[in-house]
Amino acid sequence: MTSAARVRFAPSPTGRTHIGGARTALYDYLLARQTGGQFILRIEDTDAKRRVPGAEQEILDSLRWLGLDWDEGPDVGGPCGPYRQSERRSVYHEHAQSLLRGGHAYYCFCSPERLTQMRQDQQKRKEPPRYDGRCRDLVPTEAQARVEQGESAVIRFRTPREGTTTAVDLLRGPITVENATIDDYVLLKSDGLPVYHLAVVVDDHLMGITHAIRGSEWLPTFPLHVLVARALGWSEPVWVHLSVFLNPSGKGKMSKRHAVDSKGSALSIYPLDLRDLGYLPEAVVNWLALMGWSYDDHTEVFSLSELVERFSLDRLHPSPAAVNFTKLDHFNGVHLRSLSPDDLTRRLTPLFVAQGLAVTNDSLRPVTPLLQERLRTLDEAVPMAGFFFRDEVHPEPEDLIIEALGASATAEVLRTTAARLGDAPEWTAEALEPLARSLAEERGLKPGQLFGAMRGAITGQRVSPPLFESMEIVGRSVCLDRLEAAARRINAT
RNA sequence: GCCCCCAUCGUCUAGUGGCCCAGGACGUGGCCCUCUCAAGGCCAAAACGGGGGUUCGAAACCCCCUGGGGGCACCA
């Protein structure tokens with residue numbers, strides 16, 4: 001085990017929180033918890049134009065739902081705050097000035113219009129678009145004077161023109177690029193706020209970040225970040241670039257519109273949607289953990305705390321992974337079944353209540369074991385077990401009528417069933433089943449034929465939890481009523 | 001166009017030169033169990049992208065190609 005790691009999840013509130021970000025946060029969390037370090041949440045909101053209302057809240061809600069609690073962040077504070085970059089202006093200003101003094105950066109007065117024009121011209125000439133360096137060699141004192149007179153300026157990094165830079169990624173090893181291919185990036189915008197390239201380096205350093213885990217979209221500018229850190233005289237964190245998620249087909253980057261499973265049902269790439277779709281946070285965590293990481297003994301089912309125990313950076317995989325919603329379903333089933341019945345009951349009750357059914361933990365509890373083996377997602381529970389709590393059921397005639405018998409004979413059999421069962425000394429599954437079986441035999445029916453009609457009558461469904469266990473819970477009088485009602489219903493058609 | 005990254009069954013992956021005519025999981029097909037649906041058990045089909053090297057020996061190391069992905073803003 002490594003020494004205490006300080007790890008941050010640094011999303012920007014510009015859209016919804018998706019599973020890619022959630023997986024990064026998961027790995028951050030696992031590393032922090034495993035090493036007894038800290039998990040820090042930092043909001044990268046330096047672009048006011050792209051800020052989306054509610055996005056920051058969704059970040060917090062998503063992490064909380066997944067069980068990834070943080071030690072320092074915008075809501076809980078901490079020793080390295082503020083944790084919202086928009087509130088750290090002076091910090092970036094100070095370090096930009098330091099780069100200026102050291103000759104590692106320079107003021108640039110070029111207008112956005114000129115820059116746009118320049119890029120267009122370059123593209124026309126099939127040249128790589130990049131800053132042409134017009135302000136790079138301005139006399140610093142003169143530039144300073146222009147700024148003091150109020151002229152609008154940005155601060156650019158003075159990337160070395162010669163040589164190469166080697167940046168080391170934990171998963172890929174050293175990545176060496178020609179400095180000439182690295183642009184003189186803007187570090188501080190004219191509004192005084194930093195651009196990502198300055199903000200990450202400064203904040204990671206100031207917040208004592210030991211491991212910077214982020215998406216691979218940062219790989220191209222990775223050497224720049226290394227250069228900025230060096231220019232500031234700082235040592236670097238361990239850099240870890242996670243690959244992106246691909247669509248289920250494996251072709252193309254994961255996107256909202258391709259979030260559809262193999263059976264064609266729409267799923268979502270947003271944790272909060274997954275929650276509303278009836279997935280367990282345990283399952284989502286397990287699923288996400290295995291997309292890019294594996295454990296060496298072939299185990300695949302993990303709880304969060306088991307992941308904390310076993311996670312290791314060196315088993316991270318650098319290649320892109322296609323999102324597989326079918327596997328999420330599998331993990332959800334596995335975790336659903338490993339919940340204690342009481343726990344499952346508590347998670348299910350609100351769903352029944354939301355459908356207007358008068359259900360309590362106590363009244364649902366006997367039903368839970370019948371559901372546990374069958375549920376794929378939590379929200380399948382109400383359609384599957386609502387009949388336990390409704391006053392009456394409305395079976396379709398075709399779910400009632402035994403084909404070999406026809407309508408009126410089926411109705412008669414159902415009445416006889418009610419009468420026969422009504423005499424049962426005990427209303428239990430054990431007592432009921434033999435009675436029903438012998439009746440079926442008497443009538444020359446296969447058990448399944450009779451049971452199917454009874455199922456329709458009692459549950460109103462073609463598919464249901466086991467019949468006799470269900471009947472035991474539903475109770476004698478309601479069952480007998482429903483059997484009679486079904487017989488009447490058949491005769492009425 | 002330029003730069004960077006990646007490459008084992010349909011998908012997630014194991015594999016760090018001989019234990020691999022490649023293992024596990026999901027999914028798929030079949031069988032068993034069975035009152036429906038599940039769950040469970042057993043079995044099966046299914047991959048090292050191509051070409052060159054290196055080596056006694058390559059899925060593993062190197063090169064090229066191909067394919068996929070990412071990036072080229074006063075966005076992150």
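Throughout, protein chains are lettered first and strands after them, A, B, ... in sequence-line order, and every chain is numbered starting at 1.
For the pair A/Asp203 CG and B/rA76 P, the computed distance is 12 Å after rounding to whole Å. Distance, A/Lys126 NZ to B/rG1 P: 7 Å, rounded to whole Å.
No salt bridge links A/Arg156 with A/Asp184; every basic N to acidic carboxylate O contact stays at or beyond 4.0 Å. Comment: A/Glu217 does not engage A/Lys253 in a salt bridge, judged by the lack of any side-chain N to carboxylate O separation of less than 4.0 angstrom. Using a cut-off of 4.0 Å between Lys/Arg side-chain N and Asp/Glu carboxylate O, A/Glu469 and A/Arg374 are scored as not salt-bridged.
Nucleotide B/rA25 forms a pair with B/rU11, judged by Watson-Crick or G-U wobble geometry with both contacts under 3.5 Å. When both pairing distances are held under 3.5 Å, B/rG40 makes a Watson-Crick or G-U pair with B/rC32. Partner assigned to B/rC2 is B/rG71, using Watson-Crick or G-U wobble distances below 3.5 angstrom. With a cut-off of 3.5 Å on both pairing distances, the Watson-Crick or G-U wobble partner of B/rC61 is B/rG53.
Taking 4.0 angstrom as the limit, A/Thr46 places a side-chain polar atom (N or O) nearer than this to OP1 or OP2 of B/rA76. A close approach under 4.0 Å does occur between a side-chain nitrogen or oxygen of A/His317 and OP1 or OP2 of B/rA14. Within the 4.0 Å cut-off from OP1 or OP2 of B/rC74, at least one side-chain nitrogen or oxygen of A/Arg156 is found. Note on A/Arg119: a side-chain N or O is less than 4.0 Å away from OP1 or OP2 of B/rC74. At the phosphate of B/rC26, neither OP1 nor OP2 sits under 4.0 Å from any side-chain N or O atom of A/Thr326. Side-chain nitrogen and oxygen atoms of A/Lys189 include at least one within less than 4.0 Å of the OP1 or OP2 phosphate oxygen of B/rA76. Between A/Arg337 and B/rG40, a side-chain N or O to OP1/OP2 separation shorter than 4.0 Å is present. For the pair A/Arg315 and B/rG15, the criterion of a side-chain N or O lying under 4.0 Å from OP1 or OP2 is met.
As rounded to the nearest Å, B/rG40 and B/rA76 have P atoms that lie 48 Å from one another. Rounded to whole Å, the P atom of B/rA7 lies 9 Å from the corresponding atom of B/rC61. Nucleotides B/rC65 and B/rG71 place their C1' atoms 23 Å apart, quoted to the nearest Å. To the nearest whole angstrom, the two P atoms, one in B/rC2 and one in B/rA46, are 42 Å apart. The same atom, P, is picked in B/rG15 and in B/rG23; the two are 15 Å apart, to the nearest Å. B/rG30 and B/rU8 have their C1' atoms separated by 27 Å, with the value rounded to a whole Å. Across the P atoms, B/rG27 and B/rC42 are found 15 Å apart, a figure rounded to whole Å.
Contact of A/Arg172 with B/rC5 (side chain to base): no donor-acceptor pair of N or O atoms is detected under 3.5 Å. Remark: the A/Ser243 side chain and the B/rC6 base include no donor-acceptor N/O pair separated by less than 3.5 Å.
When heavy atoms are screened at a 4.0 angstrom cut-off, A/Arg455 is found touching base atoms of the nucleic acid. Using a 4.0 Å heavy-atom cutoff across all strands shown, A/Ser464 reaches at least one base atom of the nucleic acid. Within the nucleic acid shown, A/Lys446 has no heavy atom closer than 4.0 Å to any nucleic acid atom. Contact annotation for A/Val177: backbone-only contact, meaning every heavy-atom pair under 4.0 Å involves sugar-phosphate atoms and none involves a base. Nucleic acid contact class of A/Trp287 (heavy atoms, under 4.0 Å, all strands): none. At a threshold of 4.0 angstrom between heavy atoms, the contacts of A/Pro11 with the nucleic acid are absent.
Map A/Pro194 and A/Phe468 each onto its nearest nucleotide of RNA chain B; the residue landing nearer the 5' end is A/Phe468. In terms of position on RNA chain B, the residue among A/Met384 and A/Arg130 whose nearest nucleotide sits closer to the 5' end is A/Met384.
Only one option out of A/Leu170, A/Asp169, A/Val168 pairs with A/Val238 in a side-chain contact (heavy atoms from CB on, under 4.5 Å); it is A/Leu170.
Distance from the side chain of A/Pro128 is smallest to B/rC2 among B/rA38, B/rC2, B/rG15. For A/Glu373, counting side-chain heavy atoms from C-beta on, the closest listed nucleotide (B/rC74, B/rA39, B/rC5) is B/rA39.
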Salt bridge (Lys or Arg N to Asp or Glu O under 4.0 Å) between A/Arg420 and A/Glu442: does it pass, once the steps are laid out? CA-CA 12 Å; A/Arg420 202 70 74 79; A/Glu442 260 173 49; 2.9 Å; yes

Evaluate the salt bridge (Lys or Arg N to Asp or Glu O under 4.0 Å) criterion for residues A/Asp45 and A/Arg51: first the C-alpha distance (whole Å), next the side-chain angles of each, then the deciding distance (0.1 Å), finally the verdict. CA-CA 7 Å; A/Asp45 58 347; A/Arg51 172 186 229 109; 3.1 Å; yes

Output a table of nitrogen or oxygen pairs between the protein and nucleotides 22-25 of chain B separated by less than 3.5 Å.
| from | atom 1 | to | atom 2 | distance (Å) |
| --- | --- | --- | --- | --- |
| B/rG24 | N2 | A/Glu300 | OE2 | 3.0 |
| B/rA25 | O2' | A/Glu300 | OE1 | 2.5 |
| B/rA25 | O2' | A/Lys327 | NZ | 3.3 |
| B/rA25 | N3 | A/Lys327 | NZ | 3.1 |

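Taking the centre of each ring, A/Tyr196 and A/Trp218 come in below the 6.0 Å mark. Note: A/Tyr27 and A/Trp293 fail the aromatic proximity criterion, with ring centroids not under 6.0 Å apart.
For A/Arg146 and A/Tyr107, the positive end is not near the middle of the six-membered ring at less than 6.0 Å and at most 45° from its axis.
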